[in-house]
2 protein chains.
Amino acid sequence: MAKERTSPARKALSRERVIAAAVALADQTGYREFSMRRLGAELGVSPMALYKHVGGREELLDEMVDVVFGELEDPSAREDWVTAMRRRGVSVREALRRHPWAVGLMESRSNPGPENLAHHNAVMGCLREAGFSFEMAVHAYSIQDSFIYGFALQEKTMGHESPEESAQAAKTRGKGSDGYNEYPYLIEVEAELARSGYDHAAEFEWGLSLILESLERLRKNSP
Amino acid sequence: MAKERTSPARKALSRERVIAAAVALADQTGYREFSMRRLGAELGVSPMALYKHVGGREELLDEMVDVVFGELEDPSAREDWVTAMRRRGVSVREALRRHPWAVGLMESRSNPGPENLAHHNAVMGCLREAGFSFEMAVHAYSIQDSFIYGFALQEKTMGHESPEESAQAAKTRGKGSDGYNEYPYLIEVEAELARSGYDHAAEFEWGLSLILESLERLRKNSP
DNA sequence: ACCTGAACACCGTTCAAGT
DNA sequence: ACCTGAACACCGTTCAAGT
């Protein structure tokens, strides 16, 4: 018999397997708990084995971020630009809810991966094809992504509660917070949120719509 | 002579001195390099001495973030709400340029400090007094902060270059990037940025204005 | 070729000990 | 009352050694 695996229990490591396991580990444990050593343990391997496949922590993070970019909706479809952008915006928010560790990272990697480049190209293409000038397309891209990533940042903090859950949270928070007495408008917020809750998805779509409709108005009123 | 300082060289530690030194250290070295041990060294003291004054790393970060909130412009002034909000928005961006380590942290601290609460109360108050309904004021607050913090996040990545510097950067980046050939719209971006550069301040104010003017339109057209 | 152990230079934090 | 040293349980990463 020719060359045979001596320890057959574990599948051989590969770059793809390391990256996939890294994303899964970060999804489960969060960014704070994610480490090379834990990832090694998760794969049943010494931490140093990883370095034969991924170069280092920073390079691995680059790859993980590109996995998330790969999950975003491609706006190149032939719909009108507003619904194309709305859908891709919603898909970014949803991807960042699945992968909260990616929130501060999507726009902070200094060497973007292929999925990242392809997505940026597709968004810019969608806007240019819709008739935006170059300057306007840059503005439109900037304001959308600022809103989307900023919203994701805030939502990450406030948690993934449903409207009902956040109403309950606000109610119990209101009890102990005597320190709020100097802040009448914050008391109103707590009281109203305790009544009706806070619907993150609805808030996101309200903001995204305002931005897209304003951009569409500008697009229509230009040469 | 009564009780006298035995080691006079170092001023005595205090909560305030620790917090101020922490902000200064983070400003200089960035979030990545900031640590309790380095802060101790900076203050000429063992790392463990800090724990008599600040409870721990997380509590210290809470206090540092509240220092930044204390630097924001108070929108309670009696101007019209649009310029009040515009000014406070600009002041948030500027504060986050002075303190880039605070970018992911402003909206992610789970127990807000007094400056944080006072600022939120003032913003909400400004919007309510301007005639926004409670629901609309929440929308208006959410979309503004999403945009502002998201913009700061992106700007932090791209660096604090002047328009001229970023033009130069885009030019040299364009040379080596043969991989961009599949992405025609990205090539356009690189080419245009190499010509005109990218003015972060102008981009920020364009986006903020679009949001504020859209909100003002909604406010005027309501009961 | 692929993986490992020991080591290095770091973390935050606890706790008993010093003054 | 305030600070320290040694220790614990972690990091990312290098490098010589194993198979």
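Throughout, a chain's letter reflects where its sequence line sits, starting with A, and its residues are numbered from 1.
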How long is the line joining CG of A:Leu39 and C1' of D:dC11, in whole Å? 14 Å
Atom pair distance, as rounded to whole Å: CG in B:Leu13 and C1' in D:dT4: 13 Å
Test your reading of the model: is there a side-chain donor-acceptor pair from A:Glu165 to the backbone of A:Ser162, 3.5 Å cut-off? yes
Specify the separation, in whole Å, of atom CZ of A:Arg37 and atom P of C:dC11. 15 Å
Would A:Phe147 and A:Phe204 count as a close aromatic pair, with their ring centres under 6.0 Å? yes
Rounded to whole angstroms, how far apart are CD on A:Glu33 and C1' on C:dC11? 14 Å
Heavy-atom closest pair (B:Ala26 atom, B:Met64 atom, distance to 0.1 Å) is CB-CE, 3.8 Å
Rounded to whole Å, how long is the line connecting atom CE of B:Met36 with atom P of C:dC10? 18 Å
Students often mix this up, so state it plainly: with edges at 30° and 60°, are the rings of B:Phe69 and B:His120 parallel, tilted or perpendicular? tilted
Within the 4.5 Å heavy-atom criterion, are B:Leu60 and B:Met36 side-chain neighbours or not? yes
Whom does D:dC10 pair with, Watson-Crick or G-U wobble, provided both distances fall under 3.5 Å? none
Round to the nearest Å and state the distance from A:Arg32 atom CZ to C:dC11 atom P. 15 Å
The Watson-Crick or G-U wobble partner of C:dC15, with both key distances under 3.5 Å, is D:dG5
Closest contact, heavy atoms only, A:Leu127 versus A:Ala137: CD1-O, 3.6 Å
Close approaches to DNA chain C from residues 46-59 of chain B, in residue order (heavy atom, under 4.0 Å): B:Met48, B:Tyr51, B:Gly56, B:Arg57
